*Asks:* 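Once you've had a glance at the structure underneath, I'll fire off some questions.
In this text, all values refer to a predicted model and were calculated from it rather than measured experimentally.
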Amino acid sequence: MLDFLVLGIATWLGVFEPSKNELQPLEALSWEQSALFELPEFERDHLSAGVVESYLQTLASRGFEGERQGIWIQSEWDISARNRGLTPLPAASLTKIATTLATLSQWGAAHEFVTDVYLTGKLENGVVTGDIVIQGNSDPLFVWEEAIALGNALSQLGIREVRGNILVAGEFYMNFKSEPLVAGKLFRQALDKNLWTAPITQQYLQMPPGTKQPEILVTGTVKAIARQPKDTRQLIRHRSLPLAEILRQMNIYSNNKMAQMLANSVGGAQAVAQTSAEIAGIPTAEIKLINGSGLGEENQISPRAACQMLMAIDRLLQEHNYSAADLFPTAGRDVVGTLQGRGLPRGTSVKTGTLDSVSALAGVIPTSDRGNVYFSIINYGGSLKYLRQQQDRLLNELVQPWQLKPSNFDLSPEPKWYLGNPHRNKIGNFN
């Protein structure tokens, strides 16, 4: 099943249907909460350890300082190889693993962010004598297609003209813009096809054939308000895509603004770090965050913490028959976004991270002989193209003796979840 979602570009991607039961964080065992918590030592996978050692030597021969190269590879509790594994290192967008875990534990995979539209005044003969109020609730993926569909729902109610203003209340975001006036102006523009620019038309053309173009004239302006007016009537309740799909899109494109919006929804960077450490059962000192996206070298995560957070995500999703592969781009299925140009083993689900001097990669490889193998590679020192090539080479060498699980992805062109689906707009009753 493919999703037809456009985040700056249109693409067909694999999809799944989230459960309607919200996920709850697992209770951390008391020994996991100890500040002195250390994973037990197991007999190493000497073959994997040798491959990693050769990898580190190759980097050293090119001038990369060994103390700044972090690696952690494990299957369940069996640690195959590590280097600087417990040391927090600049993690770039591996930070989004923490944001994913914290958001998932807070809201659940099936959570839908709600955006409500209200009316002040009267609606007579297609004319609103009053204002339209849009009440946001932190939907990070409300984009042109969603606004066009919402405009069509207003047209379906018979609205042709608003002789008043667009009032923006709550946390309303549009096209990844969080400023209320900016987001409100974009929404107003989407409501009237006569105001569309070429990029809007381009996004509209990605919607299902036959989708109407709203033509609602708003004669007033856009204003931000602190709270919804008392004398209003609800017109429409708009539901976002399920959180699991939102997270997948965020991770495929490594969208920084979406990540920060989601982090804000659970209390900010410190809350993300604290929650993620608790759920993953690792010391809080191994996750240091200043935001939810990974922008800035001050965001630091140990290689072990990245793996443990991925394991925690899998545990949260297990009873719903999902896995990290449903929330992160997967080699062989997703060929856009951050996986473009990568040569990873088929079926490997990953999160990439890139800053000026940082190239990071963490993920999970499903195998038949050793279960899921979790890995985290955090490289520092520039030459990002070279580092990415070496990361891909390392993983391909590691998996050679492993029995990889077959990855037969359903690449049907029929969309399951897509932006602008009119069925996610519930029209109210206001006779």
Side-chain angles (χ1 to χ4, degrees), residues 1-18 92-97 99-100 140-146 175-176 198-208 240-262 293-295 310 313 322-355 359-366 384-385 387-389 391-392 395-396 407-421:
M1 193 66 69
L2 292 180
D3 266 337
F4 187 44
L5 293 171
V6 183
L7 299 174
I9 60 174
T11 181
W12 294 104
L13 299 171
V15 299
F16 62 97
E17 182 176 0
S93 281
L94 296 195
T95 298
K96 294 183 178 70
I97 298 175
T99 299
T100 296
L141 196 50
F142 191 93
V143 290
W144 289 124
E145 296 93 327
E146 300 287 88
N175 290 351
F176 318 120
I200 306 175
T201 302
Q202 183 179 2
Q203 298 305 106
Y204 165 77
L205 292 175
Q206 308 304 321
M207 300 177 72
S240 73
L241 291 169
L243 177 62
E245 182 64 17
I246 289 174
L247 290 170
R248 192 171 73 89
Q249 293 301 316
M250 176 193 75
N251 288 318
I252 285 176
Y253 294 95
S254 202
N255 189 301
N256 293 323
K257 292 185 178 180
M258 286 180 67
Q260 190 57 50
M261 291 171 184
L262 287 168
S293 66
L295 288 174
L310 287 168
I313 289 170
Y322 305 150
S323 68
D326 295 310
L327 303 186
F328 294 92
T330 299
R333 182 191 68 192
D334 303 311
V335 296
V336 297
T338 58
L339 285 191
Q340 283 185 316
R342 300 302 296 248
L344 300 168
R346 182 179 175 86
T348 303
S349 300
V350 301
K351 183 69 199 77
T352 62
T354 304
L355 291 172
S359 179
L361 184 70
V364 55
I365 304 172
L384 301 182
K385 182 178 180 180
L387 289 174
R388 284 193 284 266
Q389 291 172 343
Q391 291 164 3
D392 294 355
L395 292 181
N396 280 289
S407 301
N408 298 316
F409 302 116
D410 180 7
L411 300 180
S412 165
E414 291 296 326
K416 180 65 177 181
W417 303 107
Y418 65 92
L419 292 171
N421 187 340

*Asks:* Using side chain to side chain donor-acceptor pair (under 3.5 Å) as the criterion, list what pairs up with N256, not counting sequence neighbours.
*Replies:*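 Listed in chain order: K96.
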
*Asks:* Is any side-chain heavy atom of F328 less than 4.5 Å from a side-chain heavy atom of L310?
*Replies:* yes

*Asks:* CG/L295 to CG/L355 distance, rounded to the nearest 0.5 angstrom?
*Replies:* 7.0 Å

*Asks:* Any idea which heavy atoms bring T99 and A259 closest together, and the distance?
*Replies:*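 In this case the closest contact between T99 and A259 is CG2-O, 3.6 Å.
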
*Asks:* Quick one: pull up CD in Q203 and CD in E146 and give me the separation to the nearest 0.5 Å.
*Replies:*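 Reported to 0.5 Å precision, the distance equals 12.0 Å.
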
*Asks:* How many angstroms lie between CG in L327 and CG in N251, if you round to the nearest 0.5 Å?
*Replies:* 7.0 Å

*Asks:* Minimum heavy-atom separation for I246 and P140, please, with both atom names.
*Replies:* CG2-CG, 3.7 Å

*Asks:* So, taking the atom named CD1 in I313 and the one named OH in Y322, what distance separates them when rounded to the nearest 0.5 Å?
*Replies:*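 These two atoms lie 15.0 Å from each other.
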
*Asks:* So, does R388 use its side chain to make a donor-acceptor pair with the main chain of S359 at under 3.5 Å?
*Replies:*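 Side chain of R388 to backbone of S359: no pair is present.
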
*Asks:* How about V350 and R342: do any of their side-chain heavy atoms sit closer than 4.5 Å?
*Replies:* no

*Asks:* Give, for atom CG of L94 and atom OG1 of T354, the distance between the pair rounded to the nearest 0.5 Å.
*Replies:*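 Interatomic distance, L94 CG to T354 OG1, rounded to 0.5 Å: 9.0 Å.
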
*Asks:* Determine whether L243 and L247 make a side-chain contact, defined as any pair of heavy atoms from C-beta on separated by less than 4.5 Å.
*Replies:*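 Answer yes - side chains close enough.
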
*Asks:* Write down the atom of N396, the atom of P345, and the distance for their closest heavy-atom approach.
*Replies:*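 It is OD1-CG, 3.7 Å.
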
*Asks:* Hey, are the side chains of L141 and N255 touching, using non-hydrogen atoms and a 4.5 Å cut-off?
*Replies:*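 Side-chain contact under 4.5 Å: no.
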
*Asks:* Look up atom OG1 in T100 and atom NZ in K351, then write down how far apart they are to the nearest 0.5 Å.
*Replies:* 8.5 Å

*Asks:* At their closest point, which heavy atom of D392 faces which heavy atom of G343, and how far apart are they?
*Replies:*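 Nearest heavy atoms, D392 then G343: OD2-N, 2.9 Å.
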
*Asks:* Only counting residues at least two apart or in another chain, list the ones meeting side chain to side chain donor-acceptor pair (under 3.5 Å) with S349.
*Replies:* T330

*Asks:* Testing the basics here: between G337 and Y253, what is the closest heavy-atom pair and its distance to 0.1 Å?
*Replies:*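 In terms of heavy atoms, the two residues are closest at CA-CD2, 4.0 Å.
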
*Asks:* Carefully, step by step, assess L241 and Q249 under the rule side-chain contact (heavy atoms from CB on, under 4.5 Å).
*Replies:* CA-CA 10 Å; L241 291 169; Q249 293 301 316; 5.6 Å; no

*Asks:* Among side-chain atoms of T338 and S254, is any donor-acceptor pair under 3.5 angstrom?
*Replies:* no

*Asks:* At their closest point, which heavy atom of F176 faces which heavy atom of M258, and how far apart are they?
*Replies:* CE2-CG, 3.6 Å

